[in-house]
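Atom set for the values below is all heavy atoms of this structure, side chains included, hydrogens, waters and symmetry mates excluded. Quick note on labels: first sequence line is chain A, next is B, and so on, each numbered from 1. Remember, it's a predicted structure, so these values are computed and weren't measured experimentally.
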2 protein chains.
Amino acid sequence: MARKTGSRSETTGPRVREAALRLFARHGYAAVSMRQIAAEVGVQAGALYLYTPDKQSLLYELMHAHMEELLSAWAGVPKGTDPRARLDAFARFHIRFHLDRPEAVFIAYMELRNLEPGNFAAIEALRHRYEDELEAILRAGQEDGSFAVPDTRLATMALIAMLTGVTNWYREGGRLGRAEVEQIYRDMALKAVGANTA
Amino acid sequence: MARKTGSRSETTGPRVREAALRLFARHGYAAVSMRQIAAEVGVQAGALYLYTPDKQSLLYELMHAHMEELLSAWAGVPKGTDPRARLDAFARFHIRFHLDRPEAVFIAYMELRNLEPGNFAAIEALRHRYEDELEAILRAGQEDGSFAVPDTRLATMALIAMLTGVTNWYREGGRLGRAEVEQIYRDMALKAVGANTA
DNA sequence: GTCTATAATATGATAGAC
DNA sequence: GTCTATCATATTATAGAC
C-alpha cells in the first residue's frame with residue numbers, strides 16, 4: 001500500500017497518548033496545553049485532532065484505559081482461596097502494578113476532578129469495582145476468622161491508600177529494591193488487618 | 001476612625017484566601033482563574049491584587065500556612081515517652097487534623113507540582129520535618145522493641161499515606177463517626193508496625 | 001496526514017477613575 | 001479600597017491548502 005511521506009498514522013495516535021500521559025502527570029491536565037502535547041509528539045497542534053475529538057477525551061481515554069488494565073490484570077492473577085493468600089496476592093499485585101506505571105497512577109488519582117460529570121461517573125464505577133475486589137477478600141477473612149477488622153470498607157480504603165502511597169516516594173535505583181518494598185508493604189498490610197504474617 | 005463605604009480591608013484579605021482555598025481544592029490551581037476567585041469573594045478581579053502580588057503567591061501562602069499550622073499543632077500535642085503512646089497520639093492527631101481541614105490537605109498534596117521551584121523546596125522542607133516526627137517515633141519503638149519495622153522510613157511513608165487517605169472517603173454525617181474512624185485507623189497503624197493494640 | 005492560519009474566547013496583571 | 005477598561009498573551013478548536 002502506497003503511503004505519503006510524513007504519514008505515520010499507525011504510530012502517531014499512541015505517541016499522542018504517551019505524550020499526554022507524561023505531560024498530564026508532570027504538570028497536571030489543566031496546566032498542559034494542546035500545543036505542548038503537539039510539540040512533544042513533534043506535530044502541530046491541529047494535527048492532534050485527528051486522534052482525539054478534544055482534550056477532555058484524551059484525559060478520559062487515558063484514565064479509562066488505565067482502570068480497565070488494572071481490573072483485567074488483577075483478574076488474571078492466580079489467587080488461592082484462603083483469605084490470607086488472597087490478601088498477599090492483592091498487596092503484591094497492587095504494589096507491582098502501581099510501581100510499573102507511576103504516571104498513569106498519578107493521573108488516575110489526581111485528575112478525577114477534571115473529568116466531566118459523565119466521564120467521572122464512568123471512572124468512579126471502575127475504581128469502585130477494584131475496591132470491591134479487596135473488600136471481598138477482607139470480608140471473607142473476617143467471616144472465617146483470618147482477619148480482625150471492625151469495618152471492611154474502612155479497612156479497604158486504608159489498605160489501598162497505604163499501598164498506593166508507594167508511588168509517592170519510591171524511586172528506581174534508590175535505597176530499597178522493588179522486591180524488598182513489595183515484601184514490607186505486604187507484611188504491613190497483613191498485620192494491619194490482624195493476620196499472622198507467617 | 002472614618003472609613004469609606006464599601007471598604008472592608010480587614011475582612012477581604014482573609015476572604016480572598018478562603019475563596020482561593022475552596023476553589024483550588026475543588027477545581028485545581030491551574031483550572032481556577034483570578035476572575036473566579038474574585039467572583040466568589042464578590043469583588044472585581046483587579047481588586048485581588050491588593051491582597052496578593054500574584055496567583056502563585058496565593059497558592060504558596062495557603063500551603064505554607066497549612067504546613068506551619070500542622071507542625072505547630074503537633075508540637076502542642078501532649079505525648080508520653082513510650083513509643084506506643086506516642087504513635088497513638090500521632091495517629092489520632094493526624095486523623096483529627098486532616099479531617100478538620102480537608103480542603104487545605106487536598107491542596108497540600110495535589111498542588112505541589114504547581115509551585116515554582118523555590119516555593120516547592122520550602123514546602124517540601126516543612127513536609128519533611130513532619131515526616132521526621134513520625135519516623136523518630138518509629139525508630140524509638142524499633143530500638144526499645146515496642147515495634148517491629150524492617151525500615152523506619154518506609155513505614156513512615158506507609159503510615160502517613162494510610163492515615164491521610166481518610167480524607168479521600170470520609171464524609172460528615174456518613175455511616176461512621178469521627179471517633180470510630182479515629183479509633184480504627186489508630187488500631188490499624190499500631191498493628192501495622194507490630195505493636196500490641198492494648 | 002500534516003501544515004498554516006485563524007476564529008472565538010479566556011487568561012494574569014496593570015492603569016487610572018472614583 | 002474597589003471598579004472599569006485594557007494590554008499582551010495564551011487557549012481550544014476548526015478550515016482549507018498541500
**OP:** Send over the distance from A/Tyr49 OH to D/dA15 P, rounded to a whole Å.
**Re:** 13 Å
Original post:
When you match A/Pro53 and A/Gln36 each to their closest nucleotide on DNA chain D, which lands nearer the 5' end?
Top reply: A/Gln36
Could you list all N or O pairs between the protein and nucleotides 3-8 of chain D that sit under 3.5 Å apart?
{"unit_1": "D/dC3", "atom_1": "OP2", "unit_2": "B/Gln44", "atom_2": "N", "d": "2.5"}

Subject >> Distance-only donor-acceptor check, side chains A/Glu131 and A/Thr156, under 3.5 Å >> reply: no
**OP:** List for me each residue that meets ring pair (Phe, Tyr, Trp, His ring centres under 6.0 Å) alongside A/Trp74, sequence neighbours excluded, and say none if there are none.
**Re:** A/Phe90, A/Phe93
**OP:** Report yes or no: is the cationic atom of A/Arg101 (NZ for Lys, CZ for Arg) under 6.0 Å from the centre of the six-membered ring of A/Phe97, at an angle within 45° of the ring normal?
**Re:** yes
Original post:
Taking OP1 and OP2 of D/dT2, is either one under 4.0 Å from a side-chain nitrogen or oxygen of B/Thr12?
Top reply: yes
Subject >> Between C/dG1 (C1') and A/Leu48 (CG): distance, integer Å >> reply: 12 Å
Subject >> A/Met34, nearest nucleotide to its side chain (from D/dT2, D/dA13, C/dG12) >> reply: D/dA13
Original post:
Quick one: do the B/Tyr170 and B/His98 side chains pair a donor with an acceptor below 3.5 Å?
Top reply: no
Subject >> Pairing residues for B/Arg35 by the side-chain hydrogen bond (donor to acceptor under 3.5 Å, both in side chains) criterion, not counting sequence neighbours >> reply: none
Subject >> Rounded interatomic separation in angstrom, taking CG from B/Leu50 and P from C/dA15 >> reply: 13 Å
Subject >> Salt bridge B/Asp88-B/Arg84, side-chain N to carboxylate O under 4.0 Å >> reply: no
**OP:** Ignoring backbone atoms, test whether A/Ser33 places a side-chain nitrogen or oxygen under 4.0 Å from the OP1 or OP2 oxygen of D/dA10.
**Re:** no
**OP:** To the nearest Å, give me how far apart CD1 (B/Ile37) and C1' (C/dG12) are.
**Re:** 11 Å
Original post:
Can you check the A/Lys55 NZ to C/dA10 P distance for me, whole Å?
Top reply: 15 Å
